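Atoms within a ligand are numbered from 1 in the order they appear, just like the ligands themselves. Computed from a prediction, not measured in an experiment: that's the story for all the values here.
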Amino acid sequence: MIKKGKLTILLILLFTVVYGQNKIPVYGDNTKPLKERVEDALSRMTLEEKIAIIHAQSKFCSPGVARLGIPELWMTDGPHGIRPEVLWDEWEQAGWTNDSCFAFPALTCLAATWDEEMSLLYGVSIGEEARYREKDVLLGPGVNIYRSPLNGRNFEYLGEDPYLSSKMVVPYIKGVQQNGVATCVKHFALNNQETDRFTVNVNVDDRALYEIYLPAFKAAVQEGGTWAIMGSYNKYRGQYGCHNQYLLIDILRKEWGFEGTVISDWGGTHDTRQAVMNGLDMEFGTWTNGLDDGKSNAYDNYFLARPYLDLISSGEMSTTELDDKVRHVLRLNFLTAMNKEKPFGAMVSENHILAGRTIAEEGIVLLKNKGDLLPVNLDNAKVIAVIGENAIKKMTVGGGSSSLKAKYEVSPLEGLINRVGSKAKIIYARGYVGTTGGTYNGVDSGQDLSDERSESELISEACEKAKNADYVIFIGGLNKCEHQDSESADRFGLELPYNQDKLISELAKVNKNLVVVNISGNAISMPWLNEVSAVVQGWYMGSEAGNALAAVLVGDVNPSGKLPFTFPEKLIDNSAHSAGEFPGSDGQVTYSEGIYVGYRWHEKQNIKPLFSFGHGLSYTQFKYGMLKSDKKEMTSSDKITFTIDITNSGSRSGAEIVQLYISDPESYLPRPVKELKGFKKVKLLPGETKSVSFTIDKPALSFFDPDKHQWVAEPGEYAALVGASSSDIKSQLGFLLK
Ligand code: BGC
């Protein structure tokens, strides 16, 4: 028998459940299709509310609709860690004490792993950090192509090759977004320099646009399914990237079917009508109507704020475009802030530390190793001399919007001391003085590296310490200060700054066991290359930088990274510079090299690079067998699989990144000598052999015909080339496309 009182309670509960469920508006019900939820929310919003959600209300957030319970959207840089909190209306720090992040390696380092699994790990991990900090949109990753080694932001991107960057960007996006955090892939498009970045108009032919500069964005949209994309500052065909009809409407929406949200770069919007008509959904960071930088409440005057409302109210513009923008913003909100299934996230977890360290270790590239000087043999070494400012300089602060407030950062010197312990004595000398401070938007690295000594005093101290050491490890390079791998300014030249070239040559004179570790996100010239025994390319490797570098230097980790861009010997050997087309003049830059970017140019012109695209050595050796295929010819709807055996013929375990290039020797339009169309990382024990296979289809053979505005694969002879780098082809095989 149920007592009367209990029955009443049961009835109330039942009523609450049934009635309560009915009360959930469609837009708040995540069991309903996304489109239905969007339409429902849209139908309940006033004109003013619609206008409000398409522009910022602070430096990094846009309003929701409080009345309807639709939350704000919070953005964060990206792409190497979660930016510290800034003040509501200023770039300066908010002074929070709980916003220190784990600093992941820069994207250049990720690209150098040539490993899609590393990219997924990166995405999942940084996505968790964003989630924990309650961010909805991560402003990254950046996929602008490495056109010139002087571009200050190359370190934030994925290298010079459209295939490599396309493959690497997709898992990053999936990893981030599985956390209910959107990626905002940037900067779309043609933002390949910092000089005049707010104004320069890029002239590029359609073929180069489609073959070189767009593929990574297209992969981000179609394969990665990015929920957002950021317009670029520069112009293309005379229109700003943030409201560019060709890029945002014709290509992104119409050709690629993008359903996500287009967000402006900060201050990249310049005109209400163009922003309305040419595909911009959300405006951020603009100072308008003569307001000074930093003045509050500029937001109502944003191009997509009151000026837009006025145009609608006066009947000059309809609400058709507005409703579309609001749909895109609501979609983003349902996938992120209103996503009820998102996980909790985590900050600086053991997993993130391990992920960051592994990615750094896998991305380090051994460029040269004469006489197998590396790895450092700790059984024999008594004294190791470490020289150079980058051995001690903190690198997570600086470089522009990717600057971080890291929970910790292990410097290379600390990493070596941690690892070497009492096995050898480590002595240190500065050797040169570069940039002595380390502050960005109120985050201070806490280092004061000022040093009054003269160049000759510093060099003679370094040589004195280096002279009798068993190993000399010079750790220098660039440093994320202005003009040294940094947003807003390009580099001045290819050479190392602060007269490091001279120091390296002097060190080489006193000790032949000299290892040069270059920390940078860009190629540098190496006039001393023949004087030194070993060269290692490190990157900005974040919190675990020093530990990862030490692990590679002493051989705990066998290096397996490969260069994601070419190192030219001289600046003029790079195609953008060869034609004098960097950074342009009178507001124009013309990519007259067309599709011949990076190794495509070096191979066309037969210019030997200092280090080729795809180059990277190991402490073991790999033997390549003969390339075989499952057939000799294919039709355009067919595929061919190529297989090659790789053997570890040395005595250490190691990993090789096997690269497949396709060559089309005869074509009605000129084609590069060869182009990357596949890569795989294979881990091998000493003596072990594994087969590596690549399957290719028609798109791998195609080029973009600008007259037909179509991808074309011409019937005829092709060749598949497999090798250890673009200039080290081990085996090749012809085949026919019928
Ligand atoms: C940069 C973007 C960045 C944004 C917000 C801009 O200046 O170009 O990459 O995401 O600022 O910090």
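Which parts of ligand 1 touch D265 is read off a 4.0 Å heavy-atom cut-off, strictly below it: atoms 1 (C), 2 (C), 3 (C), 4 (C), 6 (C), 7 (O), 8 (O), 11 (O). Below 4.0 Å from some heavy atom of L139 lie the following atoms of ligand 1, by number and element: 10 (O). Every atom of ligand 1 with a heavy atom of F60 under 4.0 Å away is listed here by number and element: 5 (C), 12 (O). Within the listing of ligand 1, atoms 12 (O) sit less than 4.0 angstrom from a heavy atom of R83. Which parts of ligand 1 touch E487 is read off a 4.0 Å heavy-atom cut-off, strictly below it: atoms 1 (C), 6 (C), 7 (O), 8 (O). Using a 4.0 Å cut-off to heavy atoms of M230, the atoms of ligand 1 that qualify are 10 (O). For ligand 1, the atoms sitting less than 4.0 Å from at least one non-hydrogen atom of K186 are 2 (C), 3 (C), 9 (O), 10 (O), numbered in the order shown with element in parentheses.
Checked against salt bridge (charged side-chain N to carboxylate O under 4.0 Å, His left out), E211 has the following partners two or more places apart in sequence or in another chain: R207.
Y213 and Y591 have tilted rings, their planes meeting at an angle from 30° to 60° on a 0 to 90° scale. Ring geometry, F155 versus H80: the interplanar angle falls from 30° to 60°, so the pair is classed tilted. Ring geometry, W266 versus F284: the interplanar angle falls under 30°, so the pair is classed parallel (tilted spans 30 to 60°).
No heavy atom of M75 sits closer than 4.0 Å to any atom of ligand 1.
Contacts of R197 with ligand 1, taken as heavy-atom pairs under 4.0 Å, involve the side chain alone. At a 4.0 Å heavy-atom cut-off, ligand 1 touches R153 through the side chain alone.
Among protein heavy atoms, atom 9 (O) of ligand 1 sits closest to H187 NE2, 2.7 Å. For atom 7 (O) of ligand 1, the closest heavy atom belonging to the protein is Y233 OH, 2.7 Å. Protein heavy atom in closest approach to atom 12 (O) of ligand 1: D77 OD2, 2.5 Å.
Side chains of Y240 and N278: no donor on one and acceptor on the other come within 3.5 Å.
For K342, the NZ atom sits in a packed shell: over 12 heavy atoms of surrounding residues, nucleotides or ligands are nearer than 6.0 Å.
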Considering only distance and modelled atom types, tabulate donor-acceptor pairs under 3.5 Å from the side chains of residues 93-104, sequence neighbours left out.
| unit_1 | atom_1 | unit_2 | atom_2 | d |
| --- | --- | --- | --- | --- |
| Q93 | NE2 | N441 | O | 2.8 |
| D99 | OD1 | K405 | NZ | 2.5 |
| D99 | OD2 | E85 | N | 2.9 |

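Separation of the F198 and W287 ring centroids does not fall under the 6.0 Å cut-off. For W114 and F613, the ring centers are positioned less than 6.0 Å apart.
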